[in-house]
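For reference, the structure discussed in these notes is given below.
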Amino acid sequence: DAMVIQNPRYQVTQFGKPVTLSCSQTLNHNVMYWYQQKSSQAPKLLFHYYDKDFNNEADTPDNFQSRRPNTSFCFLDIRSPGLGDAAMYLCATSHDIGSGDTQYFGPGTRLTVL
Amino acid sequence: GNSVTQMEGPVTLSEEAFLTINCTYTATGYPSLFWYVQYPGEGLQLLLKATKADDKGSNKGFEATYRKETTSFHLEKGSVQVSDSAVYFCALSDDSNDYKLSFGAGTTVTVRA
């Protein structure tokens, strides 16, 4: 089945220690997104790639960066995680950006910061 | 700007009860509307969607009709099961915001046997 895969499902890091979360897709979609979801809240868009074009949300902290080396993979790098960065991180993909285009989400990576 | 308002939860129901989750929206364009479901510890799954007025989305016994006159997209299911316990998010996208998803706050539904 075509799908969005996130690894690891659970990640523990220490305060200030860089961490990388991984997302891959077999849907061959053009667009990949990263969201942050804190407990009992809706997901918050951090950034997205349309193919190789990177689009950062205005309120995404500089501490968060992303890489998309090819169509299938996208990484979220947190340079110096703080306690406030503990959250579920969701990757999503869509074929295109337009009316009715559906975003397909991965299972998420739950990040704990000690 | 765009916004989505969902009925506040949590909602607790008995099995086989009727479920309605209200969703209303504000949008400057002609939005597409979505319901996503999030089971405990999981990512979001698309439940259904509608892309134009009067469209009805349906899936797994859930239905929602895009009502432009009332700017609403209420989710309904006639007979819920314990396995429907989850958080439900209403969302919209349109060209005024580059088709980014605007989510409601989410409604937690618990179905008791």
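For clarity, every value in this text was computed on a predicted model and none was experimentally measured. Letters A, B, ... mirror the listed sequences (proteins, then strands); counts begin at 1.
- Each of B:Gly106, B:Pro31, B:Ala91, B:Gly43 has some count of heavy-atom pairs under 4.5 Å with chain A, and the biggest count is that of B:Gly43.
- Contact of A:Glu57 with chain B is made through the side chain alone, with heavy-atom distances under 4.5 Å.
- For the residue pair B:Lys49 and A:Thr102, a side-chain donor N or O sits within less than 3.5 Å of a side-chain acceptor on the partner.
- Counting heavy-atom pairs closer than 4.5 Å to chain B, the top-ranked of the candidates A:Ala92, A:Ser94, A:Cys91, A:Ala42 is A:Ala42.
- When the SG-SG distance for B:Cys90 and B:Cys23 is compared with the 2.5 Å cut-off, it comes out below that value.
- Contact count against chain B (heavy-atom pairs under 4.5 Å) is highest for A:Gly100 among A:Gly100, A:Ser40, A:Gly106.
- Aromatic rings of B:Tyr88 and B:Tyr36 (six-membered ring for Trp) have centroids beyond the 6.0 Å cut-off, not under it.
- Residue contact with chain A, scored on non-hydrogen atoms closer than 4.5 Å, is absent for B:Tyr39.
- A:Ile97 touches chain B through backbone and side chain together, each having a heavy atom under 4.5 Å away.
- For chain A, no part of B:Leu33 is nearby; none of its heavy atoms comes within less than 4.5 Å.
- Contact of A:Asn55 with chain B is not made at all, since no heavy-atom distance falls under 4.5 Å.
- Residue contact with chain A, scored on non-hydrogen atoms closer than 4.5 Å, is absent for B:Gln45.
- Judged by distance alone, the side chain of A:Asp77 and the main-chain N or O of A:Thr20 form no donor-acceptor pair under 3.5 Å.
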- [ ] Begin with the C-alpha distance, continue with both residues' side-chain angles, and end with the deciding distance and a verdict on side-chain hydrogen bond (donor to acceptor under 3.5 Å, both in side chains) for A:Tyr49 and A:Asn30.
- [x] CA-CA 8 Å; A:Tyr49 273 96; A:Asn30 293 312; over 6 Å; no

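- Contacts between A:Arg110 and chain B at a heavy-atom distance below 4.5 Å are absent for every atom of the residue.
- In this structure, A:Thr109 contributes its side chain and A:Pro8 its backbone to a donor-acceptor pair below 3.5 Å.
- Contact tally against chain B (heavy-atom pairs below 4.5 Å) for A:Gln6, A:His48, A:Arg9: the top residue is A:Arg9.
- Ion pair A:Asp59/A:Lys44 flagged as a salt bridge, since at least one NZ, NE, NH1 or NH2 atom sits closer than 4.0 Å to an Asp/Glu carboxylate oxygen.
- In this structure, a donor-acceptor pair under 3.5 Å is absent between the side chains of A:Asp96 and B:Tyr99.
- Interface residue A:Gln103: backbone and side-chain heavy atoms are both found under 4.5 Å from chain B.
- Note on A:Gln41, A:Met88, A:Gln37: by heavy-atom pairs under 4.5 Å with chain B, the leading option is A:Gln37.
- Between B:Lys56 and B:Glu63, at least one side-chain N (NZ, or NE/NH1/NH2) sits under 4.0 Å from a carboxylate O, which counts as a salt bridge.
- For chain B, no part of A:Tyr33 is nearby; none of its heavy atoms comes within less than 4.5 Å.
- Residue B:Leu46 touches chain A through its side chain alone, counting heavy-atom pairs closer than 4.5 Å.
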